Amino acid sequence: MKKQIIKILTEDMELNINKNENNLIQNKILDSLAIMNLIGNLEEKFNIEIDFGDITEENLNSIDDIEKLITRLKS
């Protein structure tokens with residue numbers, strides 16, 4: 001799943017990140033428009049629905065956080 005998330009961020013969204021990035025929002029890699037783009041990509045690729053309440057820094061600030069969010073929503 002991490003590889004798919006990294007592919008979304010680096011190829012689909014053309015962001016320059018490393019695999020261990022832990023501060024996507026704090027380091028301003030993801031701004032508000034990029035977050036909405038990411039949400040759309042995640043929903044499409046993983047067949048999930050991300051509620052507004054799940055769009056938080058805690059859920060989106062790192063690849064591990066994003067993976068945990070997807071895992072929770074798919075269960």
Side-chain angles (χ1 to χ4, degrees):
M1 184 181 308
K2 281 186 186 184
K3 287 182 182 181
Q4 291 175 297
I5 296 167
I6 292 168
K7 181 183 180 297
I8 289 169
L9 291 167
T10 59
E11 294 179 23
D12 298 345
M13 297 177 61
E14 300 180 351
L15 297 175
N16 186 18
I17 63 162
N18 67 57
K19 293 183 245 184
N20 300 318
E21 181 64 57
N22 288 322
N23 295 302
L24 295 169
I25 295 173
Q26 293 172 351
N27 290 340
K28 300 184 182 186
I29 295 168
L30 289 178
D31 61 16
S32 57
L33 291 175
I35 289 171
M36 297 315 296
N37 189 2
L38 174 62
I39 296 300
N41 275 292
L42 294 174
E43 288 181 331
E44 182 180 324
K45 300 272 196 242
F46 293 101
N47 197 29
I48 56 173
E49 185 173 320
I50 300 174
D51 292 328
F52 183 74
D54 287 321
I55 304 173
T56 64
E57 185 173 337
E58 292 79 21
N59 287 332
L60 302 172
N61 206 36
S62 73
I63 293 166
D64 287 338
D65 295 337
I66 296 167
E67 182 180 35
K68 288 176 193 170
L69 173 64
I70 295 166
T71 301
R72 179 172 57 82
L73 294 175
K74 286 187 79 70
S75 62

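Worth knowing before you read on, the calculation uses all heavy atoms, side chains too, and leaves out hydrogens, waters and symmetry mates. Because the structure is a prediction, the values reported are computed rather than measured.
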>> Just to verify, what does E49 make a salt bridge (Lys or Arg N to Asp or Glu O under 4.0 Å) with, not counting sequence neighbours?
In response: none

>> Less than 4.5 Å apart, side chain to side chain, heavy atoms only: is that true for I63 and L9?
In response: yes

> Taking only residues two or more places apart in sequence, or in another chain, which ones meet K74 in a side chain to side chain contact (heavy atoms under 4.5 Å, CB included)?
Replying inline: I48, I70

> Looking only at heavy atoms, what is the nearest atom pair of M13 and A34, with distance?
Replying inline: CE-O, 3.2 Å

> Would you say the side chain of N59 lies within less than 4.5 Å of the side chain of I66, judging by non-hydrogen atoms?
Replying inline: no

> Roughly how far, to the nearest 0.5 Å, is CD of E21 from CG of N27?
Replying inline: 5.0 Å

Sequence neighbours left out, cut at 3.5 Å: what donor-acceptor pairs do the side chains of residues 37-46 make with other protein atoms?
from	atom 1	to	atom 2	distance (Å)
N37	OD1	N41	ND2	2.9
N41	ND2	N37	O	3.0
E43	OE2	I50	N	2.8
K45	NZ	D12	OD2	3.3

>> Around atom CE of M1, are there more than 12 heavy atoms from other residues, nucleotides or ligands closer than 6.0 Å?
In response: yes

> How would you list, by chain and number, every residue that makes a side chain to side chain contact (heavy atoms under 4.5 Å, CB included) with N20, sequence neighbours excluded?
Replying inline: N18

> Is the count of non-hydrogen atoms from other residues, nucleotides or ligands lying under 6.0 Å from N16 atom CG greater than 12?
Replying inline: no

> Pick one: which of L15, I17, I35 meets side chain to side chain contact (heavy atoms under 4.5 Å, CB included) with L24?
Replying inline: I17

> Among L30, N23, N22, which residue meets the side chain to side chain contact (heavy atoms under 4.5 Å, CB included) test with N61?
Replying inline: N23

>> Filter on salt bridge (Lys or Arg N to Asp or Glu O under 4.0 Å), then keep only pairs touching residues 54-66, sequence neighbours left out; what's left?
In response: K2-D64, D54-R72

> How long is the span from the CD1 atom in I29 to the CG atom in L60, to the nearest 0.5 Å?
Replying inline: 13.0 Å

